A.B. asks: 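Once you've had a glance at the structure underneath, I'll fire off some questions.
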Amino acid sequence: MRIGKYPGSIGSLLIVLLFVSCRTVPQQLFRSDLELETVSIESVGTPIVYKEVSPDFLGFCIDSSQIFGGKWWEGSDVCVAGVGGAEASELDLQSGNLVKLTGELGNSVLRIGGSEADKLYYDIQNKGEKPEGYDLSLTKKRWKEIIDFCKLSNLKLLFTINAGPGSRLDKKGRKSEWQPDNARSLIKFAHDTNSPVFGWEYGNEPNGFSFIHGHRWKMTGSEYANGFNSFYDMVKDINPSYQVVGPAIAHWPVIGEFANLSKDFFRKIKNIDEITFHYYPQQSRRGAVRTRTARHDTMLSERNLDDVLNVIEHYKEIQADKFTNVPLWIGETGNAQFGGEPGVSDTFLSSLWFMDLLCLSATNGIERVMRQTLIGSDYGLIDSETTQPRPDYYTALLWKRMIKGYPVSVQYYVSGNEDQQRDGIRIYSFADYKDDEINLTFVVINLNTDKEFKINMPVKYGRSRFVIAKPVPGDVSKVLWNNIPPRLPVQDENILIPYDNFSNKGIVLPPISYAVIKAYEI
């Protein structure tokens, strides 16, 4: 196995091509006067090979408000104190269709967290109480429903523990240091009942506490670090194998981290098992303050897609300085902050961003991406009213089934131009080492509205297997695989169609589309 070198031979070729059109997308995004250009996949420069993509690289979030009935985005047109203005009903975790769809994605980490996690009381003794500073409560019955859902869907649980106002009041109701007793009762109960818990996260977006909970509860980096150190020791005392995760700091597009606390936090903490940050590339109309408004074409900009690299670089510097062996996660992300943008986040336009983010993250050292949210609002993978998959669900499914191996960061020739970034075409590769063979999986994304690309490979890689996905004409909210709607359950081999002489014929990548390619060497 050669790690750290660009693979010298290409093994298998699979193509998954997805593109759709949308009921609400302006017609200028779908041009009829198309130009045809050629994509020549030839490597340029010195590549970097990253750690192998884990089967659970892509994880999923369900918001605490959906689990416990807090403030939520769906049904609301506004943002109130950093959260949605509607009251959520408790999600039915026993829904057969939800379990079925989640099980298809399987072998994942499920994060239950969000702003309402810092308002939650753990009523493990079933006393029916909700002390001062708490708005919601968790009962043994609801915990069992969560655990049953995880077991049925092959999920490991990451649960966000309250670091908010209620947990920072002493017995006399005065503001104090973080109080561990209530959290300990839940974590000890989870341990004693062998719940499939992967880890525990200390608080949600502490740099936003003054907006969500009021200025009195503003959290400094030092305060958060002190609480985190106590939390870490408490969790490890109960079960050393539990992962302790944080700081879950929010980063906005363009401006990055607001209310900066990461510097002091990382300077003062002693240990951490996974470093997480939250990032949304744009913001929906619900937010009164927006640094990048979600529109149909916003995430067709390569500059906007690459904005996340600034945040990744910030945390990679932290890793290099003090936490070299600690994995870096995008702990929460979705197409648009504040619940997603209707007609954008629930369409295939989101899938272009989603696939690009996964590839960009994997080829830049991120070890897990947690998608907000599995179900609900406009950015959910599953529509909560119909419990039917949205386009991003099928992107997640294809990633789970098709992307394997070691992410390779490398530039490629495109249309004779070494800088593919200017052509609106993005290419990523993954090296899958099997015995003496090296299989390469390529992801090719076409952001153009007026160009289609013919993908050419070297002659010796002419054999392939692939599936083409395209739109129901005029409706980007739906996806076709091989000209028919995808059908669940899906077996990997059913996605593929044999295709020979690929290098001679090539394949045309339509505007606003992506392809996943694996080649067999002839």
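Quick caveat, the model's predicted, so the values are computed rather than measured.
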A.B. asks: Counting neighbours of CG on N97 that are heavy atoms of other residues, nucleotides or ligands and sit closer than 6.0 Å, is the number greater than 12?
C.D. replies: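 Enclosed: over 12 neighbouring heavy atoms sit under 6.0 Å from CG of N97.
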
A.B. asks: Would you say the side chain of L91 lies within less than 4.5 Å of the side chain of L98, judging by non-hydrogen atoms?
C.D. replies: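 Heavy-atom side-chain distance check passes, below 4.5 Å.
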
A.B. asks: Check the surroundings of atom CD in E313: do more than 12 heavy atoms from other residues, nucleotides or ligands lie under 6.0 Å from it?
C.D. replies: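 More than 12 within 6.0 Å, yes.
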
A.B. asks: Could you walk me through whether Q283 and T291 pass side chain to side chain donor-acceptor pair (under 3.5 Å), step by step?
C.D. replies: CA-CA 7 Å; Q283 293 140 332; T291 55; 3.2 Å; yes

A.B. asks: What I want to find out is whether E201 reaches R111 closely enough, with some N-O distance under 4.0 Å, to be called a salt bridge.
C.D. replies: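 Yes, charged N to carboxylate O under 4.0 Å.
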
A.B. asks: Pick out which of Y50, W399, W329 makes a ring pair (Phe, Tyr, Trp, His ring centres under 6.0 Å) with F57.
C.D. replies: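 The ring pair (Phe, Tyr, Trp, His ring centres under 6.0 Å) with F57 is passed solely by W399 among Y50, W399, W329.
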
A.B. asks: Between S95 and D92, is there a donor-acceptor pair closer than 3.5 Å when you use the side chain of the first and the backbone of the second?
C.D. replies: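 Flag not set: sc S95 to bb D92 has no pair under 3.5 Å.
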
A.B. asks: Between L158 and V245, is there a side-chain heavy-atom distance shorter than 4.5 Å?
C.D. replies: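 Yes. Closest side-chain heavy atoms under 4.5 Å.
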
A.B. asks: Which atom pair, heavy atoms only, marks the closest approach of P407 to A362?
C.D. replies: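 For P407 versus A362, the nearest heavy atoms are CB-O, 3.2 Å.
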
A.B. asks: Which of parallel (below 30°), tilted (30 to 60°) and perpendicular (above 60°) describes F348 and Y514?
C.D. replies: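 Judged by the thresholds at 30° and 60°, the geometry between F348 and Y514 is parallel.
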
A.B. asks: Rounded to the nearest 0.5 Å, what's the gap from CG on L305 to CZ on R303? Could you check?
C.D. replies: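 Between L305 CG and R303 CZ, I get 12.0 Å after rounding to 0.5 Å.
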
A.B. asks: Can you tell me if Q388 uses its side chain to pair, donor with acceptor, with the backbone of D383 under 3.5 Å?
C.D. replies: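 No: the side chain of Q388 does not pair with the backbone of D383.
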
A.B. asks: Can we say K400 and D56 salt-bridge, meaning some charged N sits less than 4.0 Å from an Asp/Glu carboxylate O?
C.D. replies: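 D56 and K400: not salt-bridged.
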
A.B. asks: Should L157 and F198 count as side-chain neighbours, where that means a heavy-atom distance under 4.5 Å?
C.D. replies: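 The answer is no; the side chains never approach within 4.5 Å.
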
A.B. asks: Between OG1 of T449 and CG of L34, what distance do you get to the nearest 0.5 Å?
C.D. replies: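 Going from the OG1 atom of T449 to the CG atom of L34 covers 9.0 Å.
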
A.B. asks: Side chain of N364, backbone of S361: donor and acceptor closer than 3.5 Å?
C.D. replies: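 Not a single qualifying donor-acceptor pair exists.
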
A.B. asks: Answer yes or no: is there a donor N or O on one side and an acceptor on the other, between the side chain of E205 and the main chain of I249, under 3.5 Å?
C.D. replies: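 Answer holds: no.
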
A.B. asks: Quick one: does T298's side chain have a donor or acceptor within less than 3.5 Å of a partner on R295's backbone?
C.D. replies: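 Yes; at least one donor-acceptor contact below 3.5 Å.
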
A.B. asks: Passes side chain to side chain donor-acceptor pair (under 3.5 Å), N304 versus Q282? Steps please.
C.D. replies: CA-CA 9 Å; N304 293 346; Q282 56 186 346; over 6 Å; no

A.B. asks: Using only atom types and a distance under 3.5 Å, with no angle test, would you say the side chain of S153 pairs donor to acceptor with the backbone of F149?
C.D. replies: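 It does hold such a pair.
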
A.B. asks: For the residue pair T276 and I330, establish whether any side-chain heavy-atom pair is separated by less than 4.5 Å.
C.D. replies: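 SC-SC contact between T276 and I330 ruled out.
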
A.B. asks: Judged by atom type as modelled, is there a donor-acceptor pair below 3.5 Å linking the side chain of Q319 to the main-chain atoms of V326?
C.D. replies: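 Judged by distance alone, yes, a pair lies under 3.5 Å.
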
A.B. asks: Checking R286 side chain against F338 main chain: does a donor-acceptor pair fall under 3.5 Å?
C.D. replies: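 Looks like yes, one N/O pair under 3.5 Å.
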
A.B. asks: Among side-chain atoms of Y379 and D392, is any donor-acceptor pair under 3.5 angstrom?
C.D. replies: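 No.
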
A.B. asks: So does G339 get a backbone contact from the side chain of S377, meaning a donor-acceptor N/O pair under 3.5 Å?
C.D. replies: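 Side chain of S377 to backbone of G339, a donor-acceptor pair under 3.5 Å: yes, one is there.
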
A.B. asks: Do the side chain of N448 and the main chain of G424 share a donor and acceptor less than 3.5 angstrom apart?
C.D. replies: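 Side chain of N448 to backbone of G424: a pair is present.
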
A.B. asks: Considering non-hydrogen atoms only, spot the tightest contact between C150 and P196 and give its length.
C.D. replies: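 Smallest interatomic distance, heavy atoms only, reads CB-CG, 4.3 Å.
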
A.B. asks: How about E332 and Y280: does a side-chain donor come under 3.5 Å of a side-chain acceptor?
C.D. replies: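 Yes, a side-chain donor-acceptor pair sits under 3.5 Å.
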
A.B. asks: Kindly indicate, with the supporting measurements, whether the criterion side chain to side chain contact (heavy atoms under 4.5 Å, CB included) is fulfilled by Q66 and T373.
C.D. replies: CA-CA 10 Å; Q66 298 175 277; T373 174; 3.3 Å; yes

A.B. asks: Would you call the rings of Y315 and F266 parallel, tilted or perpendicular if under 30° counts as parallel and over 60° as perpendicular?
C.D. replies: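 Ring orientation of Y315 relative to F266: perpendicular.
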
A.B. asks: Looking at CD1 of I312 and CD1 of I366, how far apart are the two atoms once the value is rounded to the nearest 0.5 Å?
C.D. replies: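 Here the rounded value is 4.5 Å.
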
A.B. asks: Within 45° of the six-membered ring axis of F354 and under 6.0 Å from that ring's centre, is NZ or CZ of R371 located there?
C.D. replies: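 Yes, cation above the ring, under 6.0 Å and within 45°.
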
A.B. asks: Kindly determine whether V444 and I425 satisfy side chain to side chain contact (heavy atoms under 4.5 Å, CB included), including the steps that lead there.
C.D. replies: CA-CA 7 Å; V444 186; I425 190 89; 3.7 Å; yes

A.B. asks: Charged N to carboxylate O below 4.0 Å: is that the case for D306 and R426?
C.D. replies: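 Salt bridge: yes.
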
A.B. asks: Would K156 and V197 satisfy side chain to side chain contact (heavy atoms under 4.5 Å, CB included), going step by step from the backbone distance to the final call?
C.D. replies: CA-CA 6 Å; K156 298 171 289 186; V197 175; over 6 Å; no

A.B. asks: Test side chain to side chain contact (heavy atoms under 4.5 Å, CB included) on I272 and V244 and set out the steps.
C.D. replies: CA-CA 6 Å; I272 190 169; V244 181; 5.9 Å; no

A.B. asks: Find out whether Y406 and D432 are in side-chain contact, i.e. whether some heavy atom of one side chain is under 4.5 Å from a heavy atom of the other.
C.D. replies: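 Result no, sub-4.5 Å side-chain heavy-atom pair not found.
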
A.B. asks: Do the side chains of L397 and T395 get nearer than 4.5 Å, heavy atoms only?
C.D. replies: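 T395 does not reach L397 side chain to side chain.
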
A.B. asks: Give me the one residue out of T441, T363, D356 that meets side-chain hydrogen bond (donor to acceptor under 3.5 Å, both in side chains) with Y428.
C.D. replies: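 For Y428, the side-chain hydrogen bond (donor to acceptor under 3.5 Å, both in side chains) check succeeds only for D356.
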
A.B. asks: Roughly how far apart are M355 CE and L398 CG, rounded to 0.5 Å?
C.D. replies: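 Here the interatomic distance stands at 6.0 Å.
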
A.B. asks: Are any of the side-chain heavy atoms of S351 and Y394 separated by less than 4.5 Å?
C.D. replies: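 When only atoms from C-beta onward are counted, Y394 and S351 do not touch, as no gap falls below 4.5 Å.
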
A.B. asks: To the nearest 0.5 Å, what is the distance between SG (C79) and CZ (R285)?
C.D. replies: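 Output value for this atom pair is 14.5 Å.
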
A.B. asks: Could you report the tightest heavy-atom contact between V254 and D307, atom names first, then the distance?
C.D. replies: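 Smallest interatomic distance, heavy atoms only, reads N-OD2, 3.3 Å.
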
A.B. asks: Could you tell me if the side chain of K71 sits less than 4.5 Å from the side chain of E87, heavy atoms only?
C.D. replies: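 A side-chain contact under 4.5 Å exists here.
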
A.B. asks: Roughly how far, to the nearest 0.5 Å, is CD of E257 from OG of S262?
C.D. replies: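 Between atom OG of S262 and atom CD of E257 there are 3.5 Å.
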
A.B. asks: Looking at every heavy atom in both H278 and G331, which two are closest together, and how far apart are they?
C.D. replies: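 Heavy atoms only, the tightest pair is CD2-C, 3.7 Å.
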
A.B. asks: Please find the pair of heavy atoms, one from R292 and one from P253, that lie closest to each other, and give the distance.
C.D. replies: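 Scanning both residues, the minimum pair turns out to be NH1-CB, 3.4 Å.
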
A.B. asks: Any idea which heavy atoms bring S284 and G340 closest together, and the distance?
C.D. replies: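 Answer, listing the atom of S284 first, then G340: CB-O, 3.2 Å.
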
A.B. asks: Hey, mind stepping through D63 and Q372 against side chain to side chain donor-acceptor pair (under 3.5 Å) and telling me if it holds?
C.D. replies: CA-CA 8 Å; D63 202 276; Q372 170 86 347; 3.1 Å; yes

